[in-house]
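Encoded as structure tokens, the structure appears first; notes follow it.
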Amino acid sequence: MNLFADFRDTVAAAVAALQERGELPPDLDLERISVEPPRDPAHGHMATNAALVLARAARRRPMELAELLAGEITGAEGIIEVRVAPPGFVNVRLADELWRRQIPVVLRAGADYGRCDLGRGRPVNDEYCSANPTGPLHVGHGRGTVYGDALANLLDFAGYRVTREYYINDGGAQIEAMARSVHHRYRELLGDDPGPMPEGLYPLEELVPVAKAIVERDGDRWLGRPEEEWLEPFGRAGVEAMMVRIREDLAALGVRHDVFTSERELIAAGRIEEAIAFLEEKGLVYTGTLPPPKGRTMEDWEPTPQLLFRSTAFGDDVDRPLRRSNGAWTYFAADLAYHLDKIRRGADLLIDVWGADHGGYVKRMQAAVQALGEGRAELVVKLCQLVHLYAGGEPLKMSKRAGRIVWLRDVVEEVGRDVFRFIMLTRKNDAPLEFDLEKVVEQSKDNPVFYVQYAHARICSVFRNAEEAGCETDPAALAEVPLDGLRDPAELDLLRQMAGWPRLVEGAARSFEPHRIAFYLHDLAGAFHALWTRGKEEPELRFLLAGNPGLTAARLAMLAAVRTVIANGLRLMGVTPVEEMH
RNA sequence: GCGCCCGUAGCUCAGUCGGAUAGAGCGUCGGCCUCCGGAGCCGAAGGUCAGAGGUUCGAGUCCUCUCGGGCGCGCCA
């Protein structure tokens with residue numbers, strides 16, 4: 001199924017054979033053996049460092065060992081040349097036939113080509129987006145959302161059991177601020193002039209309809225009433241309305257979470273007390289006084305005894321407060337309950353996708369998961385760096401205070417879901433990303449998504465023509481077609497790139513880096529475009545050859561396979577493999 | 001002051017659990033449309049991989065330090 005995995009098996013078999021003959025000691029660590037395509041094609045199709053890695057343990061010179069391995073590998077099926085290169089690489093050239101044979105493999109697997117069992121069904125909880133329900137998603141939220149969603153697709157494809165999760169932060173002070181903001185709007189609507197929106201509240205227009213709905217339902221009964229009466233219902237109305245809006249924003253991006261967990265409900269169900277009791281039993285909770293924060297002058301600093309979690313026992317810098325001085329639980333305390341909840345629901349790999357500004361929170365949360373999961377659960381935090389917005393090359397500063405917020409949905413509607421998602425995945429998550437609204441709207445060739453989609457559309461176009469010419473176009477039938485005619489270097493290069501897809505999936509999943517798909521597809525599309533253009537200069541390289549139905553069928557099989565891989569990659573990214581460009 | 005992230009071509013960035021002569025797009029310069037879709041292709045120029053040590057057969061990749069940039073640093077989330 002996977003040529004790279006096959007070659008790894010060949011190497012492993014060679015090592016085993018040498019062990020059998022006493023040329024190599026038993027009990028070798030084979031982990032570090034890698035199998036990869038060499039950067040320089042002159043070195044062949046596959047290379048292994050096995051001799052270099054094993055030399056020390058085997059107490060032999062790498063080149064000598066490489067020769068031995070080469071001897072074992074020589075003659076293995078499909079390998080037409082084995083060479084040893086200093087300082088001890090074994091390079092291998094594969095028969096063209098082996099690459100061609102990937103075509104029916106792809107065609108039979110179809111949408112499953114590249115699927116693997118890296119995850120072995122391991123349950124993973126992927127939490128992403130989780131924006132505060134105090135307003136719609138803005139464009140900055142889009143990055144982590146797309147990243148988390150594509151990662152979920154990728155991990156699912158790699159054999160994990162993925163739960164896509166959204167944590168609703170509906171329990172804290174920011175909800176009270178929103179409640180007051182809604183009440184402010186409520187007073188405005190009823191003509192009870194409250195003046196300008198006070199500092200610290202949310203001047204969002206999106207809260208006006210929330211207030212309006214309350215007026216329609218309850219009239220003026222909350223007017224002049226004390227805050228403790230309306231604070232909760234107003235906050236709840238705000239959260240509900242904003243979550244409706246956020247779900248719309250997510251839908252516009254093509255994102256669907258499996259589980260929405262409410263912080264408020266966790267608190268109401270006493271889950272914080274449960275989590276803390278759990279930690280208390282392990283002696284990880286105590287009352288103490290923290291030292292003042294360093295490097296920042298705090299005028300109102302007073303040493304206060306607080307309930308603390310002993311996160312330093314797990315590598316954190318200081319222990320972390322669980323209760324505020326007013327007795328309320330901290331956000332961290334709720335997060336303990338939440339992560340314990342995720343663990344109890346069965347996940348042993350937790351992924352949190354956060355903005356880069358939460359970097360300071362990573363250590364304590366990992367400490368918490370270690371403690372709560374008793375070492376069985378692992379937390380991976382992926383921080384997404386900022387999106388730098390530009391408009392025609394000019395930096396665009398978002399400012400909540402000035403109301404200059406670029407809403408995610410507006411951008412998605414303007415540039416399209418596909419463009420937005422693809423661009424968000426053209427950087428690794430921990431590097432900042434530049435996003436130019438105008439360039440992206442221009443849909444110019446600066447936009448790699450079109451390059452890839454164009455390749456897919458071109459293949460579809462060939463198939464439309466083939467259909468008209470009466471050629472066989474059914475993938476199942478094309479999987480049976482003789483492929484010997486595919487022998488041009490450009491064709492074989494395309495097939496080699498295509499055959500790298502399963503390996504790419506594994507690597508991307510292993511490192512939680514869906515952006516690798518974007519770069520892979522760009523390269524694959526490039527190999528295809530190059531071949532296409534060759535056909536313009538050399539008519540015998542065209543895909544549809546009126547006088548040669550056999551070769552035409554072989555080429556259609558190749559194209560169908562490439563199309564399948566492009567479509568599979570785009571699907572993981574959540575981008576549509578379009579059949580036509582407009 | 002401390003912690004985390006980043007520093008690769010003029011610009012924006014890739015670089016496979018360390019692998020051989022470091023790649024792509026954009027920009028610049030020069031070519032390719034009677035013909036399956038030119039939103040494409042081919043070529044050229046462009047690099048002390050921030051700097052210095054270290055580990056290794058081998059370092060852009062791992063470790064230490066320095067410099068530069070970003071984010072964060074009780075009772076906000």
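Residue numbers start from 1 in every chain, and the chains themselves are labelled A, B, ... in the order their sequence lines are given, proteins ahead of strands.
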Quiz prompt | Stacking of A:Trp532 on B:C36 base (centres under 5.5 Å, planes under 30°) | solution = no
Exercise. Indicate whether A:His43 forms a stack on B:A20; treat it as stacked only if centroid distance is below 5.5 angstrom and interplanar angle below 30 degrees.
Key: yes
Quiz item: Which word best sums up how the rings of A:Phe543 and A:Phe528 line up, parallel for under 30°, tilted for 30 to 60°, or perpendicular for over 60°?
Solution: parallel
Quiz item: Should the pair A:His358 and A:Trp354 be assigned to parallel (<30°), tilted (30 to 60°) or perpendicular (>60°) ring geometry?
Solution: tilted
Self-check item: Any pair counted as salt bridge (charged side-chain N to carboxylate O under 4.0 Å, His left out), so long as it reaches residues 520-535 of chain A, sequence neighbours left out
Solution: A:Asp488-A:Arg534, A:Arg534-A:Glu538
Exercise. Give a yes/no answer on whether the side chain of A:His515 brings an N or O atom under 4.0 Å of OP1 or OP2 in B:A24.
Key: no
Quiz item: Does a nitrogen or oxygen in the side chain of A:Lys536 sit under 4.0 Å from OP1 or OP2 of B:C41?
Solution: no
Quiz item: Partners of A:Ala367 by side-chain contact (heavy atoms from CB on, under 4.5 Å), sequence neighbours excluded?
Solution: A:Phe309, A:Ser311, A:Phe314
Quiz item: Are a donor atom and an acceptor atom from the side chains of A:Arg516 and A:Ser511 found within less than 3.5 Å of each other?
Solution: yes
Quiz item: Between the side chains of A:Tyr167 and A:Asp352, is a donor N or O closer than 3.5 angstrom to an acceptor N or O?
Solution: no
Quiz item: Hey, is CD on A:Glu540 packed in by over 12 heavy atoms from elsewhere, all under 6.0 Å?
Solution: yes
Quiz item: Do other residues, nucleotides or ligands put more than 12 heavy atoms under 6.0 Å from A:Arg464 CZ?
Solution: yes
Between [atom2] of [N] and [atom1] of [X], the distance in whole Å:
| X | N | atom1 | atom2 | result |
| --- | --- | --- | --- | --- |
| A:Tyr202 | B:C76 | OH | P | 13 Å |
| A:Leu541 | B:C41 | CG | C1' | 13 Å |
| A:Asp523 | B:G15 | CG | P | 11 Å |
| A:Tyr520 | B:G25 | OH | P | 17 Å |
| A:Tyr361 | B:C71 | OH | C1' | 17 Å |
| A:Phe450 | B:C41 | CZ | P | 16 Å |
| A:His456 | B:A39 | NE2 | C1' | 16 Å |
| A:Glu537 | B:G38 | CD | C1' | 12 Å |

Could you please name the option among [options] that lies closest to any side-chain atom of [X]?
| X | options | answer |
| --- | --- | --- |
| A:Ala530 | B:G40, B:A24, B:C42 | B:C42 |
| A:Ala173 | B:C76, B:A20, B:G40 | B:C76 |
| A:Asp40 | B:A77, B:U21, B:G37 | B:U21 |
| A:Gln306 | B:C36, B:G38, B:G74 | B:G74 |

Exercise. Could I get the full list of ring pair (Phe, Tyr, Trp, His ring centres under 6.0 Å) partners for A:Tyr166, not counting sequence neighbours?
Key: A:His257, A:Phe260
Touch class at under 4.0 angstrom, heavy-atom based, for [X] against every strand present:
| X | value |
| --- | --- |
| A:Gly359 | nothing |
| A:Phe332 | nothing |
| A:Ala47 | base |
| A:Phe519 | sugar-phosphate |
| A:Asn91 | base |
| A:Ala85 | base |

Exercise. Return one dot-bracket line describing RNA chain B 5' to 3' (Watson-Crick or G-U wobble pairs, both distances under 3.5 Å; ( ) same strand, [ ] crossing, | another strand, . none).
Key: (((((((..((((.....[...)))).(((((.......))))).....(((((..]....))))))))))))....
Quiz prompt | Minimum heavy-atom distance between A:Val462 and A:Leu559, given as atom pair plus value | solution = CG1-CD1, 3.8 Å
What pairs of nitrogen or oxygen atoms, one from the protein and one from nucleotides 17-19 of chain B, lie under 3.5 Å apart?
{"from": "B:C17", "atom 1": "N4", "to": "A:Glu31", "atom 2": "O", "distance (Å)": "3.2"}
{"from": "B:G19", "atom 1": "O2'", "to": "A:Glu36", "atom 2": "OE2", "distance (Å)": "3.4"}
{"from": "B:G19", "atom 1": "N7", "to": "A:Asn49", "atom 2": "ND2", "distance (Å)": "3.2"}

Exercise. Record whether the side chain of A:Thr304 comes under 3.5 Å of the base of B:G74 through a donor-acceptor pair of N or O atoms.
Key: yes
Quiz prompt | Passing candidate, side chain to side chain contact (heavy atoms under 4.5 Å, CB included) with A:Ile168, options A:Met243, A:Arg264, A:Met242 | solution = A:Met243
Quiz item: Cationic tip of A:Arg503 within the cone over A:Phe4's six-membered ring, i.e. under 6.0 Å and within 45° of the normal?
Solution: yes
Polar atoms only, N or O, under 3.5 Å: list the protein pairs with nucleotides 5-10 of chain B and their distances.
{"from": "B:C5", "atom 1": "O2'", "to": "A:Asp430", "atom 2": "O", "distance (Å)": "3.4"}
{"from": "B:C6", "atom 1": "OP1", "to": "A:Asp430", "atom 2": "OD2", "distance (Å)": "3.4"}

Exercise. Considering only atom P, compute the distance from B:G46 to B:G15 and round it to an integer number of Å.
Key: 25 Å
